[in-house]
Amino acid sequence: MPTQGINQLTSPITEVVGAKTADLFEKELGISSLGDLLRHYPRRYEQRGALTDLSSLEIGDHVTVQAQVRSFKNLRNKSKPGTRQEIVISDGTGQLTLMFFNQHWREKDLVVGRQGLFSGQISVFNNKRQLTHPDYELLDENSALNNSPIKTEDYVEALLPIYPATSKVQTWTIERAISAALVKLVDVPDPIEPEFKQAHQLIDLDQALRLIHHPANQIELDRAIERLKWDEALVLQILLAKEKHELEMWPAIPRLTKAGGLLESFDAALPFKLTAGQTEVAKTIETEMAAGHPMHRLLQGEVGSGKTVVALRAMLTVVDSGGQAALLAPTEVLANQHYRAITKLLGPLADRGKLGAHDEGTGVTLLTGSLNTAARRQALLDITTGQAGIVIGTHALLEDRVDFFDLGLVVIDEQHRFGVEQRATLVAKAGSERKPHVLVMTATPIPRTVAMTAFGALDISTLTELPAGRSPITTHVVLASEKPTHLARVWDRIVEEVASGHQAYIVVPRIASQEDKVSDKHSRPAIALEDLAPVLIEGPLSSVRVGVLHGQMAGLDKDDAMQLFTRGPAAPDGLDVLISTTVIEVGVDVPNATMMVIMDADRFGISQLHQLRGRVGRGQAPGLCILVTEAPPFSKARERLAAVAATTDGFELAALDLEQRGEGDVLGRAQSGLRSGLKLVSVLKDEAILTEARKVAIEIVAKDPDLVKHNALKLTLDNLIASAQAEYVKKS
Ligand code: ADP
Ligand code: MG
């Protein structure tokens, strides 16, 4: 007898399979512990005896079908020596041929009338679909699978589990291992407290594991899934709560606002009143930064909701208290813009070190990849000496040689453009003894539950309202191929917009047309900036001043183009229209721009379109956004565009985007390892479970951070971390 007890789920699968199979399971499916095995849930269930619809199988698919043997033919090859076996299997209507070579002994197995599971890749021979040398497992009359160790009355009725399998590990091999594991399983420690189970009417873990693999009916299956979802949600939230708890244990220097300081002067000079949302978030941040532990806050908000001002005020607080604040931006265009906006807002306060500067002033330093050597040396020096209270930069800030005097606050703008490691690199620059306060911002609003799951260690603030006086953006879809005259009308409209003193963006999906590869999805390559710009400049837009901007331009040229566009029609050298790639997607703020035309709009994602569109309608005048497309009617792409045109609610669009792209994508980037932990829980659909689990997790961790009184929970967590790490190692 193997030892049975608390370590059951962490024991290796060699408890139930041989070394060779264990090896295969590990390599093919990443399964090494009994817990991994039992959490390898069926992909679908088949009613026993309900044969697979064979007509729906596609050529090339790797399939497992349930079917009945109809005929067996032992044939002698005509042109070469040897025999072949042609077996026809059927679901009652459709047919499929199994083909073997020189294996006449299969006649003993594949008796006419027998049912089984057959697995292989669908190919075509003589116009007939077939499986060549398939693997199979015959079902006998009394049990689901031949060698299944469980043969009870119930099981005859059971749903047949079909597992995610590979060509080397068949679903029935998995089934057999799982059945063997379930036989050995006793007293499996349950991570969920009895009172909680009772309150939520949840079944025991042991029972749930049995039922999810071998449900007698849908009701049993549902109960198993419900219970196991709680495990996933709870373990994940415990993990996040622990992370948060650990962060909160770190010391940080309290940063307090100072009477008569920079922030006060800034507020006095601010040309507008903060929105209620901005004020509230500002207060939260103020309180948190005044504490002796680091703030970790995510500020998400609708495009144009005014996140930058909130961040800047936090930065000024830190400067007032003697520290430095760093603002990390994903593009040079954006870093430059922040630098200009901040120095402009601060006016003489930003001139420390210069003649005639304000007493309370500070230095504002920009650090990007395109600074020349002298400027970079000066910037690095100002950062090290503390001369620069505010440091704004791109990835250049992350380099080793950037050394802060006293980094008190890290602000990450458009955080979805950065990885977790990059954030950590900047945070580490505050030194090893303490952590800086951290504020990350995102303009890609994501639903609460997703944010909670992806950024669980962060507290979340959300700005939903736009500053007063904004005019709405109207969005239209223009069908370039169906109604070509409408496109001509679009260019006229740009000229009219410019005539009334405003500016416009034209966005294209790519820069050059060199590699004219057409993907399967599209009938022609995407419109390129280099092709479209000359046509417009010489044609319909010849009467206005047009500039171009794209990511492959040199840093200074990019900055020039952006500055000229920012200066706008009032300046003698200003630009009216900017033809650009998605480099303007994030953060760019030119309130005088009122119109945006997005070419081949169907090639952009929903959130991206919403971001782009957010560049207009930032001033007093109403915004207009034109989505130009040649996507066919009733296509998914057209649906997407219609959705973007129908609402300007970023949260609604983000949810739709998630639904279309799949959750894995979104969570994947944020918490790649943890993904393996969420098999049943959907971050979109299981909001109630995730929210409640978070509450419970925070309570547990607050009282028992090392989970000494929650042994089962700790084991489950360790197992999840171990598999996540294994997966990570495999991928890197
Ligand atoms: P986002 O949240 O998309 O980053 P920004 O911070 O770029 O938005 O703000 C968009 C514009 O709104 C900026 O020009 C900013 O100066 C302005 N703004 C911010 N807050 C207010 C406010 N309370 N009232 C009026 N304008 C504001
Ligand atoms: Mg912004």
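Both ligands and their constituent atoms are indexed starting at 1 by order of listing. Values in this document were obtained by computation on a predicted structure and should not be read as measured data.
By the neighbour-count criterion of 12 heavy atoms within 6.0 Å, atom CD of Gln620 is sparsely surrounded, having that number or fewer from other residues, nucleotides or ligands.
Here the closest non-hydrogen pair linking Arg615 and Met596 is CB-CE, 3.7 Å. Of all non-hydrogen atoms in Gly551 and Thr581, the two that sit nearest each other are N-OG1, 3.9 Å. Gly408 and Val318 get closest at one heavy-atom pair: CA-CG1, 4.0 Å. In plain terms, the two heavy atoms of Glu264 and Lys258 that are nearest each other are OE2-O, 4.4 Å.
Polar contact with ligand 1: absent for Val303 (N/O pair, distance under 3.5 Å). Geometrically, ligand 1 and Pro591 share no nitrogen or oxygen pair separated by less than 3.5 Å.
Against a heavy-atom cut-off of under 4.0 Å, Asp589 is close to the following atoms of ligand 1: 11 (C), 13 (C), 14 (O). Listed by number with element, the atoms of ligand 1 under 4.0 Å from a non-hydrogen atom of Lys273 are 22 (C), 23 (N), 24 (N). In summary, the atoms of ligand 1 found under 4.0 Å from a heavy atom of Leu274, numbered by their order in the structure, are 23 (N).
Remark: side-chain polar atoms of Gln503 are paired, donor with acceptor, to backbone N or O of Leu575 under 3.5 angstrom. Judged purely by atom type and a 3.5 angstrom limit, Ser265 uses its side chain to pair as donor or acceptor with the backbone of Gly261.
Residue contacts with ligand 1 include Ser305, since one of its heavy atoms falls under 4.0 Å from the ligand.
The protein non-hydrogen atom at the shortest distance from atom 8 (O) of ligand 1 is Gly306 N, 3.3 Å. The protein non-hydrogen atom at the shortest distance from atom 17 (C) of ligand 1 is Arg470 NH2, 3.6 Å. Counting protein heavy atoms only, atom 4 (O) of ligand 1 is closest to Thr308 OG1, 3.6 Å. Atom 22 (C) of ligand 1 has as its closest protein heavy atom Phe272 CD1, 3.2 Å. For atom 1 (P) of ligand 1, the nearest non-hydrogen atom of the protein is Lys307 NZ, 3.4 Å.
Between the choices Met441, Glu465, Arg615, Arg618, the shortest heavy-atom distance to atom 10 (C) of ligand 1 belongs to Arg618.
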